[in-house]
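Quick notes on the structure that follows.
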Amino acid sequence: MNRPFMPKHIPATRRPGAPATFHVKSFGCQMNVYDGERMAEMLGAQGMTPTGEGVDADLVVLNTCHIREKAAEKVYSDIGRLRRDDGTRPMIAVAGCVAQAEGGEISRRAPSVDIVVGPQSYHNLPELIGKTLRGESAVDTDMPLASKFGALPGRPKQARPTAFLTIQEGCDKFCTYCVVPYTRGAEISRPQSAIMDEAKALLDGGVREITLLGQNVNAWTGEDAAGRAQGFDGLIRALADLPGLARIRYTTSHPNDMTDGLIAAHAQVDKLMPFLHLPVQSGSNAILKAMNRNHTVESYLAILDKVRAARPDIALSGDFIVGFPGETDADFEATMALVDQVRYSMAYSFKYSPRPGTPAADMGRQVPMEVMDERLQRLQAALNAHQVEFNTAAVGRRVPILLERMGRFPGQRIGKTPWLQSVHVIAPDAALGDMIDVDILSAGPNSLAGELAERKAA
Ligand code: 5AD
Ligand code: SF4
């Protein structure tokens with residue numbers, strides 16, 4: 001049953017009580033997915049019940065992304081759609097990076113928005129709901145020194161055997177195109193003890209694979225259990241000692257934080273999966289300089305050489321921006337040459353999108369949209385071809401698959417290879433969370449199909 005939320009001018013006596021049901025919708029990166037899950041867990045712990053999509057919920061949280069203009073604008077069309085047939089609407093909260101970047105401006109532009117809450121203050125959501133019910137303004141984009149993590153409830157039982165765990169947030173690197181240093185704040189690392197506790201809770205809740213998240217995850221620093229300073233590789237080694245944890249992944253890394261210790265961990269830690277997402281953005285040194293990336297094509301390739309020497313089967317992934325201001329045909333050809341040389345197993349590529357307040361937005365020589373379109377098409381064609389090539393190379397091999405979800409067909413399960421490829425397999429007796437050996441029979445651009453080889457002890 002819908003409980004329509006009354007706008008603020010309705011007298012207090014006729015306002016409804018606290019929302020009983022909610023829906024959190026996350027856009028953007030994996031950290032937003034993680035934040036969305038933590039918000040949902042918190043609202044659940046408050047006694048609220050999750051519902052499916054959209055308008056049926058008493059409270060809808062739009063957990064937004066500000067990285068490119070298209071993502072940032074999407075929130076406004078989504079808000080417009082949250083009107084019910086009977087003219088009422090749910091209570092609407094805008095969370096995430098658009099909330100951080102635009103703050104109270106959001107409710108001025110979209111008056112039906114009740115709550116605006118940034119990525120560092122969403123633990124205050126219950127309090128903001130209370131303020132809304134009292135007819136008070138509910139905007140919170142603070143970046144408090146005390147971390148939100150301490151105020152969130154512990155991790156409950158998880159529906160899936162794979163989980164995200166944020167270990168680091170924010171960015172001090174200030175690439176000239178990027179909003180993250182402004183929306184997510186300065187680089188901070190969560191303490192190892194808090195991370196270990198959360199990992200143990202996830203394992204107790206049925207998780208077998210943890211993906212460690214951070215905007216610069218490999219910039220993590222902290223102390224080990226004995227109080228000695230250590231880097232990200234030390235944290236990985238500590239996590240690998242946890243019984244029950246089968247696989248560790250991490251994303252996203254910056255080339256300049258790719259330490260020898262982390263590279264060595266790829267050779268030495270069995271639970272650390274052979275997959276590295278290492279964005280390069282461009283194959284032109286002039287563009288990398290204008291982007292303030294602080295690395296060159298040569299230094300990036302030298303890192304990949306070391307990583308491949310440590311873990312020859314590693315799958316590489318990356319991010320690319322085409323049409324950064326001043327990008328010439330020759331600069332773009334350099335990106336194509338780099339892609340051809342590296343042969344990524346998968347990659348993300350985007351047209352440059354000027355973001356308000358970033359230095360690149362004010363640079364001259366912005367690249368026309370048609371040129372960006374054409375470059376993106378060529379780049380994506382090359383990246384897709386390499387992805388197919390990478391997937392095809394798995395055909396005929398026997399690989400360990402961690403089963404993550406049920407497939408569409410009877411007995412079908414879907415899991416991942418160590419190299420992050422999705423595999424469809426008929427395995428009616430296998431449970432989610434099982435690790436099974438699968439013989440790969442065929443490959444497409446986005447997934448593999450295989451048959452059960454033998455059941456391994458889970
Ligand atoms: N325009 C286009 N792409 C961007 N990215 C970050 N900022 C922008 C922007 N202004 C891309 C980068 C980054 C990924 C998360 O999004 O490739 O690595
Ligand atoms: Fe989008 Fe960046 Fe915010 Fe993630 S951190 S939601 S990618 S703006």
Side-chain angles (χ1 to χ4, degrees), residues 68 175 177 218 251-256 258 263 266 273-353 365 367-397 417-422 440 442-448:
R68 284 167 292 274
C175 298
Y177 50 81
N218 58 340
T251 198
T252 287
S253 300
H254 192 284
N256 293 356
M258 217 50 225
I263 294 172
H266 272 287
M273 290 296 100
F275 185 93
L276 175 62
H277 179 68
L278 197 64
V280 65
Q281 314 296 356
S282 167
S284 152
N285 282 334
I287 296 297
L288 290 176
K289 191 147 198 276
M291 288 175 162
N292 192 34
R293 289 288 294 174
N294 278 311
H295 63 78
T296 60
V297 173
E298 293 75 23
S299 67
Y300 177 81
L301 289 172
I303 295 164
L304 296 191
D305 282 347
K306 278 204 228 173
V307 172
R308 278 180 162 151
R311 184 77 208 221
D313 68 335
I314 199 150
L316 296 168
S317 156
D319 288 348
F320 294 87
I321 296 176
V322 301
F324 185 82
E327 187 186 71
T328 62
D329 284 341
D331 291 322
F332 176 67
E333 293 309 328
T335 298
M336 293 295 288
L338 173 74
V339 161
D340 238 32
Q341 186 176 344
V342 174
R343 306 197 99 73
Y344 292 91
S345 70
M346 60 170 293
Y348 303 93
S349 49
F350 312 98
K351 286 183 276 193
Y352 169 70
S353 167
R365 300 168 67 209
V367 175
M369 190 52 84
E370 318 79 78
V371 177
M372 285 207 265
D373 280 333
E374 197 197 309
R375 287 181 186 168
L376 187 66
Q377 264 186 31
R378 272 189 61 201
L379 177 61
Q380 291 189 336
L383 292 169
N384 289 343
H386 296 162
Q387 186 167 326
V388 170
E389 191 178 280
F390 184 84
N391 286 345
T392 306
V395 175
R397 295 179 54 195
T417 69
W419 307 276
L420 206 65
Q421 298 147 296
S422 282
I440 304 300
S442 64
N446 298 314
S447 65
L448 312 174

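None of these values were measured; they are calculated from a predicted model.
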Identify the heavy atoms of [X] and [Y] that sit nearest to each other, and give their distance.
X      : Y      : answer
Phe390 : Ala315 : CZ-CB, 3.6 Å
Arg378 : Met336 : O-CE, 3.7 Å
Leu379 : Ser349 : CD2-CB, 3.7 Å
Gly323 : Glu327 : N-OE1, 2.8 Å
Pro255 : Tyr300 : CG-CD1, 3.9 Å
Ala382 : Val339 : CB-CG1, 4.3 Å

Does any N or O in the side chain of [X] come within less than 3.5 Å of the main-chain N or O of [Y], such that one atom is a donor and the other an acceptor?
X      : Y      : answer
Asn391 : Leu448 : no
Asp331 : Thr328 : yes
Tyr352 : Met372 : no
Asp313 : Pro274 : no
Gln387 : Met346 : no

Test side chain to side chain contact (heavy atoms under 4.5 Å, CB included) applied to Glu298 and Asn285, step by step
CA-CA 9 Å; Glu298 293 75 23; Asn285 282 334; 3.0 Å; yes

Heavy-atom side-chain proximity of [X] to [Y] below 4.5 angstrom:
X      : Y      : answer
Ile440 : Gln421 : no
His386 : Val342 : no
Phe275 : Thr251 : no
Arg308 : Leu316 : yes
Phe324 : Thr335 : no
Leu420 : Ser345 : no
Leu276 : Ser253 : yes
Met258 : Lys306 : no

Contacts of type side-chain hydrogen bond (donor to acceptor under 3.5 Å, both in side chains), residue His295, not counting sequence neighbours
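With sequence neighbours excluded, His295 shows a side-chain hydrogen bond (donor to acceptor under 3.5 Å, both in side chains) to Arg293, given in chain and number order.
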
Got a sec, which residues hit side-chain hydrogen bond (donor to acceptor under 3.5 Å, both in side chains) with Gln341, two or more places apart in sequence or on another chain?
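Gln341 satisfies side-chain hydrogen bond (donor to acceptor under 3.5 Å, both in side chains) with no other residue.
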
Spacing of CD1 belonging to Ile263 relative to CG belonging to Asn218, to within rounding of 0.5 Å
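Going from the CD1 atom of Ile263 to the CG atom of Asn218 covers 10.0 Å.
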
Could you tell me whether Tyr177 and Phe350 have their ring centroids closer than 6.0 angstrom?
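Not under 6.0 Å, so no.
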
For side chain to side chain contact (heavy atoms under 4.5 Å, CB included), just list the numbers for Leu383 and Phe320, CA-CA rounded to whole Å, side-chain angles, deciding distance to a tenth of an Å, and then say yes or no.
CA-CA 10 Å; Leu383 292 169; Phe320 294 87; 4.2 Å; yes

Flag if over 12 foreign heavy atoms under 6.0 Å of CD, Glu333:
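Counting other residues, nucleotides and ligands, CD of Glu333 exceeds 12 neighbours.
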
Check this for me: Glu374, atom CD, are more than 12 non-hydrogen atoms of other residues, nucleotides or ligands nearer than 6.0 Å?
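Counting neighbours around CD of Glu374, 12 or fewer heavy atoms of other residues, nucleotides or ligands fall under 6.0 Å, so no.
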
Give me the one residue out of Ile321, Val371, Val367, Asp373 that meets side-chain contact (heavy atoms from CB on, under 4.5 Å) with Lys351.
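With Lys351 as partner, side-chain contact (heavy atoms from CB on, under 4.5 Å) holds for just one option, Asp373.
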
I would like to know whether Asn446 and Ser422 meet side chain to side chain contact (heavy atoms under 4.5 Å, CB included); could you show each step before the answer?
CA-CA 7 Å; Asn446 298 314; Ser422 282; over 6 Å; no

